[in-house]
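See below for the structure under consideration.
Just so you know, ligand 1 is whichever comes first in the structure, and atom 1 is the first atom listed for that ligand.
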Amino acid sequence: MSDTVSDTIAKLRREVCQLHEQLTRWELITWTSGNISARVPGADLLVIKPSGVSYDELTPESMVVTTLDGNVVDGNHSPSSDTDAHAYVYRAMPHVNGVVHTHSAYATAWSARGESIPCVLTAMADEFGGEIPIGPFALIGGDDIGKAIVATLTGHRSPAVLMRNHGVFTIGASAKAAVKAAVMCEDVARTVHIARSGGELVPIEPQHIDALYERYQGVYGQR
Ligand SMILES: O=C(CO)[C@@H](O)[C@H](O)COP(=O)(O)O
């Protein structure tokens with residue numbers, strides 16, 4: 001392995017480990033549920049959380065490096081039980097460099113109803129470009145979840161999918177972007193749930209969703 005790839009992996013080990021702190025900070029997971037991975041650019045590799053390890057015991061060294069077929073190439077732990085799903089996404093979606101999985105309460109409740117979250121908030125138009133779609137029920141391990149993520153999100157502006165009866169998977173141009181999508185997904189899932197419990201939801205006009213999405217994705221923040 002070249003020094004450059006080794007250095008990149010060392011950096012991604014630190015980054016992926018640190019990003020897991022965001023899942024506990026924003027209360028998106030319970031116990032050892034959830035996981036984050038990052039693609040190793042220029043190499044058919046990924047860095048992912050070890051399976052079943054308590055979040056307060058995660059370290060850069062405990063992260064696991066696998067091929068995009070899910071085979072471990074570096075690490076002393078078994079990789080996440082969702083490694084095949086993450087790996088499938090990286091093989092099928094070259095623009096994706098980060099994948100996150102959570103069981104965040106409100107978004108997972110929408111997945112338990114098999115319901116997509118309608119776009120009724122400007123914050124949804126900004127980050128998701130429309131509804132947050134529901135994906136099919138899929139068993140864990142193997143390519144089923146990965147195939148469903150790719151099938152649901154290909155051609156869709158949303159970086160998040162609600163896997164029915166299971167939880168949230170998000171994708172991003174970086175692992176940090178995928179974590180942001182997971183945080184925002186839970187935020188809007190909660191707000192829309194509260195809104196719907198109070199009465200009829202008011203949708204946003206499609207042309208306004210487009211305008212909001214273009215502004216947020218293209219102009220918002222520091223450039
Ligand atoms: O729901 C699932 C399985 O998809 C995961 O959230 C697990 O609960 C966490 O698995 P590991 O990443 O610890 O293997």
Identity and separation of the nearest protein heavy atom to [atom]:
atom: atom 6 (O) of ligand 1; result: G34 N, 2.9 Å
atom: atom 10 (O) of ligand 1; result: S81 OG, 3.0 Å
atom: atom 8 (O) of ligand 1; result: S33 CA, 3.5 Å
atom: atom 1 (O) of ligand 1; result: H103 NE2, 2.8 Å
atom: atom 9 (C) of ligand 1; result: T32 O, 3.6 Å
atom: atom 5 (C) of ligand 1; result: D82 OD2, 3.4 Å
atom: atom 12 (O) of ligand 1; result: S80 OG, 2.7 Å

Next item on the list: Look at the rings of H103 and H101 and say which category their plane angle falls in: under 30° parallel, 30 to 60° tilted, over 60° perpendicular.
Entry: perpendicular
Which atoms of ligand 1 are found less than 4.0 Å from any heavy atom of [X]?
X: I140; value: 3 (C), 4 (O)
X: H166; value: 1 (O), 2 (C), 3 (C), 4 (O)
X: K49; value: 11 (P), 12 (O), 13 (O)

Checklist line | Test of proximity, I145 against ligand 1: N or O pairs below 3.5 Å | finding: no
Margin query: Among residues at least two apart in sequence or on other chains, which ones pass ring pair (Phe, Tyr, Trp, His ring centres under 6.0 Å) with Y106?
Written below: H193
Checklist line | Cation-pi check, R157 onto Y213 ring (under 6.0 Å, within 45° of axis) | finding: yes
Checklist line | Check ion pair D143-R91 (N to O, under 4.0 angstrom) | finding: yes
Next item on the list: Would you mind reporting whether R13 and Q18 have side-chain heavy atoms less than 4.5 Å apart?
Entry: no
Checklist line | H86-N35 side chain donor-acceptor pair, cut-off 3.5 Å | finding: yes
Note to self: With a sphere of 6.0 Å drawn around CD of Q207, does it hold more than 12 non-hydrogen atoms of other residues, nucleotides or ligands?
What the structure shows: yes
Check: Quick check: are there more than 12 heavy atoms from other residues, nucleotides or ligands sitting under 6.0 Å from CD of E27?
Finding: no
